[in-house]
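From a predicted model like this one, the values you see are computed outputs, not experimental measurements.
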Amino acid sequence: MPDRGNSWYEEAVIYCVDVEKFADGNGDGIGDFIGLTEKVTYLSELGITCIWLLPFYRSPDRDNGYDVSDFYSINPKVGSLDDFLAFLHNAGEHGIRVIIDLVVNHTSDQHPWFQAARRDDKTRYRDYYVWSGDPPPVAAGAKPIFPGEVDSLWTYDEVARAYYFHNFYEFQPELNAANPQVREEILRIVDYWIAFGVSGFRLDAAPLIIADKGLEHANPRDPHGILRQIGAYVQDRRPGGVLLGEVNLPPQASDSFFGEGEQLQLLLNFMLACYLFAGFAREEAAPINQGLSLLPEPPPGCDWVNFLRNLDELDFSRVPSDLKQSVFEAFASKEEMQVFGRGIRRRVAPMLNGEQRRIELALSIIFSLKGPPLIVYGDEIGIGEDLSQTGRNSVRVPMQWSGGKNGGFSTANSGKLCQPVLTDGPFCYRKVNVADQQNDPNSLLNRVRRFITLRRNQPIFAKGRSVRLGATDPAVLVHGFEDAGDLLLLVHNLAGRTSRVEINFGGMQPRHFRDLIGYFEFDIAKNPRLELEPYAYRWLISEGNGS
């Protein structure tokens with residue numbers, strides 16, 4: 001069970017970093033831990049309390065490092081173990097915790113386990129994976145994660161003279177989690193990184209770890225047992241440690257991954273991201289309210305992590321088709337903006353046409369909801385995308401630190417960069433970068449910093465009871481937090497028009513609000529209508545006068 005007195009993660013502000021794309025500290029054109037360490041002060045000043053690192057393990061790098069060939073070593077291109085430890089120490093000195101990706105539903109086909117398994121069917125490593133002597137029948141409804149790029153869930157290996165199972169690419173053979181020896185290997189990996197001081201793990205593809213792998217013997221009798229086992233081990237080794245789950249399932253199915261808090265403490269809120277963009281597309285609050293209403297209440301010590309985008313595609317495969325259609329028409333009308341027939345491969349800022357007020361509105365919602373907010377590197381300055389890149393790489397553009405060479409990402413010649421920086425258009429590094437925005441009090445960066453400061457300084461976000469409220473204008477999203485007579489009112493106008501709206505407070509009777517962001521007061525007795533400019537948002541506090 002999680003340590004209820006040490007649930008730091010419920011109040012966390014999480015920042016997702018792809019080390020390779022963030023900052024190059026040694027001038028070779030690739031982001032690394034030296035560069036990341038140099039930027040910890042920036043993240044601390046932004047208000048970040050937790051950094052989530054995408055895979056940095058040794059890997060052939062055929063799938064952004066998710067094809068791991070050694071769980072115990074750092075990919076040399078991003079640095080050494082000493083570089084990682086220096087970063088971890090520096091983050092700790094700034095009060096920032098670090099969680100790392102735990103990718104244990106598959107390995108690279110170059111991993112020594114798989115190489116041993118394919119060469120000797122008597123080795124213990126053979127049963128680390130899922131094999132079949134003949135092409136097995138495909139289970140009903142089973143399909144590859146990357147349709148159009150992967151044709152089958154089974155691939156024939158000439159050396160093993162057998163078929164092996166994989167949910168992802170053919171170079172990512174699936175681990176057999178039913179095997180107790182595989183479970184022990186997973187715990188050893190957890191133990192290794194916890195010993196260095198990481199505060200937890202983001203569990204990649206959690207449903208696939210426990211899923212039926214195509215053969216009966218590969219499906220554990222107690223599917224969630226492995227999650228309880230990992231959860232218990234993390235709590236034993238690091239009380240208050242966290243498991244953040246990638247569980248991209250409908251909310252009702254996702255809920256079981258919390259258990260009673262002894263499995264995953266945090267789940268990424270994939271569904272809500274889709275409903276948020278539907279609200280932005282239609283300029284209506286109803287889709288967002290619908291998305292919020294779908295979420296089951298997490299057990300004590302657990303929560304949903306809210307985000308606008310992660311570094312995969314924005315996946316609409318589990319939402320109603322009309323909702324998907326409205327979002328695609330508004331934000332991904334061209335085929336190059338779409339991927340796998342289900343997702344959008346774009347960044348937040350260009351999806352919202354670079355309109356700062358609208359981007360602020362979207363981020364304000366994320367930072368004002370119940371549950372830890374998560375932002376992806378660069379979204380705090382409104383970074384763009386590179387649709388000339390393949391697949392998911394379109395959103396993994398190098399971070400833009402300044403208007404200087406390579407956007408301040410690297411001193412290397414441009415031809416040596418791990419991925420080209422954005423040099424053209426409204427989101428190029430000369431127009432969108434940290435240095436310029438740091439000096440502008442009205443910049444997106446400084447607005448995001450203000451959101452984070454307000455959230456961290458308002459105990460009502462953590463202690464308060466979340467309340468759903470109504471508004472007379474369908475374009476206005478209203479929610480709040482109530483605690484001992486205090487009411488924090490969060491109001492967002494999703495429309496590109498002015499709104500004069502009345503709030504339905506239910507049984508509460510607040511009289512006077514003051515704005516936490518601007519110099520504004522809302523006296524209901526004098527004027528019950530709240531005027532909101534296009535895409536305006538208000539964080540209003542009414543202290544001690546609710547009922």
Within 45° cone and under 6.0 Å: Arg318 NZ/CZ vs Phe270 ring: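 Cation-pi check for Arg318 and Phe270: fails.
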With a 4.5 Å limit on heavy-atom distance, are the side chains of [X] and [Y] in contact?
{"X": "Val242", "Y": "Ser199", "result": "no"}
{"X": "Val395", "Y": "Val376", "result": "no"}
{"X": "Ile145", "Y": "Leu208", "result": "yes"}
{"X": "Ile375", "Y": "Tyr377", "result": "no"}
{"X": "Ser368", "Y": "Trp539", "result": "yes"}
{"X": "Phe56", "Y": "Asp101", "result": "no"}
{"X": "Glu380", "Y": "Tyr15", "result": "yes"}
{"X": "Leu54", "Y": "Asn64", "result": "no"}

Short question: side chain of [X], backbone of [Y] - any donor-acceptor pair under 3.5 Å?
{"X": "Trp401", "Y": "Phe22", "value": "yes"}
{"X": "Gln419", "Y": "Asn393", "value": "yes"}
{"X": "Arg396", "Y": "Glu20", "value": "no"}
{"X": "Trp304", "Y": "Pro296", "value": "yes"}

Going by the side-chain hydrogen bond (donor to acceptor under 3.5 Å, both in side chains) test, which pairs reach into residues 281-296, not counting sequence neighbours? Arg282-Ser326, Glu283-Tyr535
I need the minimum non-hydrogen distance between [X] and [Y], along with the two atoms involved.
{"X": "Glu531", "Y": "Thr498", "value": "CG-CG2, 4.0 Å"}
{"X": "Gly382", "Y": "Phe427", "value": "O-CD2, 3.5 Å"}
{"X": "Pro287", "Y": "Gly279", "value": "CB-N, 3.9 Å"}

Between Asn446 and Asn442, is a side chain to side chain contact (heavy atoms under 4.5 Å, CB included) present by the stated rule, with each step listed? CA-CA 6 Å; Asn446 282 310; Asn442 296 315; over 6 Å; no
Evaluate Arg97 against Tyr9 for side chain to side chain contact (heavy atoms under 4.5 Å, CB included), listing each step before the verdict. CA-CA 9 Å; Arg97 297 177 185 261; Tyr9 45 82; over 6 Å; no
Partner of Gln263 under side-chain contact (heavy atoms from CB on, under 4.5 Å), picked from Leu203, Ile230, Leu243, Leu227, is Leu227
Look at the aromatic rings of [X] and [Y] and report parallel, tilted or perpendicular, splitting at 30° and 60°.
{"X": "His479", "Y": "His492", "value": "parallel"}
{"X": "Phe505", "Y": "Phe513", "value": "parallel"}
{"X": "Phe277", "Y": "Phe331", "value": "perpendicular"}

Considering only NZ, NE, NH1 and NH2 on the basic side and carboxylate oxygens on the acidic side, decide whether Glu521 and Arg514 come within less than 4.0 Å.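 Between Arg514 and Glu521 there is no salt bridge, as every charged N stays at least 4.0 Å from the carboxylate O atoms.
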Would you call Glu45 and Arg449 a salt bridge, using N to O less than 4.0 angstrom? no
Please find out if less than 6.0 Å separates the ring center of Tyr537 from that of Phe367.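 Between Tyr537 and Phe367, the centre distance exceeds or equals 6.0 Å.
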Which is it for Ile381 and Leu444 under the side chain to side chain contact (heavy atoms under 4.5 Å, CB included) test, yes or no, and what are the steps along the way? CA-CA 6 Å; Ile381 59 171; Leu444 180 61; 5.6 Å; no
Could you please spell out the steps behind the side chain to side chain donor-acceptor pair (under 3.5 Å) verdict for Asp473 and Ser499? CA-CA 7 Å; Asp473 187 336; Ser499 174; 2.7 Å; yes
Among Arg342, Arg392, Arg345, whose salt bridge (Lys or Arg N to Asp or Glu O under 4.0 Å) with Asp312 holds?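 So, applying the salt bridge (Lys or Arg N to Asp or Glu O under 4.0 Å) to Asp312 and each of Arg342, Arg392, Arg345, only Arg392 qualifies.
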Apply side chain to side chain contact (heavy atoms under 4.5 Å, CB included) to Leu530 and Val476, showing your working. CA-CA 11 Å; Leu530 178 63; Val476 176; over 6 Å; no
